[in-house]
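Here is the structure we will look at.
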Amino acid sequence: MNRLYRIPLFVFNRLCPSRIFGKENLPEGKAVIVCNHLHAMDCGYVAKIYNKDIYFLAKKELFKKKFISKLLKSLGGLPIDRDNPDMKSLMTALKVLKEGHKLAIFPEGTRNKTGSTELQPIKGGAMIFAVKSKSPIVPIMIDRKLKMFRKSNVIVGKPFELTEFYDRKLTDEDMEKMNEVVTNKMKEQLTLLNQILLEKKKKGKNKKNENN
């Protein structure tokens, strides 16, 4: 991965501040990172959490413009056709994991444009990569859509593995089960993040009352 990503990441951190919870949960070595998708630049939050040895799957349309393509590749972007992924793209993604790096995927497949943080139905690509490479999955959730100079909150969940699906031919039923597991893990993190923020808000009010 091109280390020039530090420059755009520095700019992103200044323009789009965020508060990260659970950063200690991100394991060393290979991992598939799954994150909800509210804005085109959500990859910046993930890169901020772990700013080395991380790659992103991004729709190939984003790589059409030369400047954007160069920027995405500097951040570890890997182009993929979301509707008809080719074998080369899939093998490149698997290679990243097998070499011990992290691969970030937005499993909803497209941005959530509903204005809500409620998770959309997820697709199975992330689970297949995790199972085929025997990698842990790390759920990450963002609490609201990115907005310039407004602080967002991001939580990193504890890694988990889909070990019962290793070394076997995956069926449609297996895919449904894996989707359910990953969806529940992601939703749990959003619930936990909301609880943490509520507690912080209560403590802030109590402290303010004590000072009055």
Would you say that [X] contacts [Y] through its side chain, given a criterion of any heavy-atom pair below 4.5 Å between the two side chains?
| X | Y | value |
| --- | --- | --- |
| L103 | L78 | yes |
| I33 | L26 | yes |
| M178 | V181 | no |
| Y45 | S152 | yes |
| V154 | I49 | yes |

Can you measure from [atom1] ([X]) to [atom2] ([Y]) and round to the nearest 0.5 angstrom?
| X | Y | atom1 | atom2 | value |
| --- | --- | --- | --- | --- |
| Q120 | L38 | CD | CG | 9.0 Å |
| I155 | L193 | CD1 | CG | 5.0 Å |
| I140 | I20 | CD1 | CD1 | 8.0 Å |
| K134 | K98 | NZ | NZ | 10.0 Å |
| R150 | M148 | CZ | CE | 12.0 Å |
| I105 | H37 | CD1 | NE2 | 12.5 Å |

Within a radius of less than 6.0 Å around CD of E24, do more than 12 heavy atoms belonging to other residues, nucleotides or ligands occur?
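Check passes, neighbour count above 12.
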
Between [X] and [Y], what is the shortest heavy-atom contact and its length?
| X | Y | answer |
| --- | --- | --- |
| Y166 | A130 | CE2-O, 4.1 Å |
| V138 | G157 | CG1-O, 3.6 Å |
| V32 | A126 | CG1-O, 3.9 Å |
| F165 | K177 | CZ-CB, 3.9 Å |
| A93 | L57 | CB-CD2, 4.2 Å |
| I142 | C35 | CD1-SG, 3.8 Å |

My understanding is that only one of K30, M91, H101 makes a side chain to side chain contact (heavy atoms under 4.5 Å, CB included) with V96; could you say which?
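Of all the options given, the one that passes is H101.
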
Between K48 and S18, do the side chains contain an N or O donor and an N or O acceptor separated by less than 3.5 Å?
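Yes, because at least one side-chain N or O of K48 sits under 3.5 Å from a partner of the opposite role on S18.
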
When you check the gap from the basic side-chain N to the acidic O, do K203 and E199 get nearer than 4.0 Å?
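No, no charged N to carboxylate O under 4.0 Å.
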
Check: [X] side chain, [Y] main-chain N or O, donor-acceptor pair, under 3.5 Å:
| X | Y | value |
| --- | --- | --- |
| N194 | T191 | no |
| K102 | P27 | yes |
| N36 | L119 | no |
| R144 | K151 | yes |

Run the numbers on V156 and F21 for side chain to side chain contact (heavy atoms under 4.5 Å, CB included), then give the verdict.
CA-CA 6 Å; V156 182; F21 299 95; over 6 Å; no

side-chain hydrogen bond (donor to acceptor under 3.5 Å, both in side chains) partners of R168, counting only residues at least two apart:
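Here the qualifying residues are D174.
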
Go through M127 and V34 one step at a time and tell me if the side chain to side chain contact (heavy atoms under 4.5 Å, CB included) criterion holds.
CA-CA 9 Å; M127 284 69 83; V34 291; 5.6 Å; no

For a side chain to side chain contact (heavy atoms under 4.5 Å, CB included) check, start with the C-alpha distance between F149 and R14, then their side-chain angles and the critical distance, and finish with the verdict.
CA-CA 8 Å; F149 304 111; R14 296 299 179 274; over 6 Å; no

Worked check of side chain to side chain contact (heavy atoms under 4.5 Å, CB included) between F160 and V182
CA-CA 9 Å; F160 63 95; V182 175; 4.1 Å; yes

Residues 183-190, side-chain donor-acceptor partners within the protein, below 3.5 Å, at least two apart:
{"residue": "T183", "atom": "OG1", "partner": "N179", "partner atom": "O", "Å": "2.7"}
{"residue": "N184", "atom": "ND2", "partner": "E180", "partner atom": "O", "Å": "3.2"}

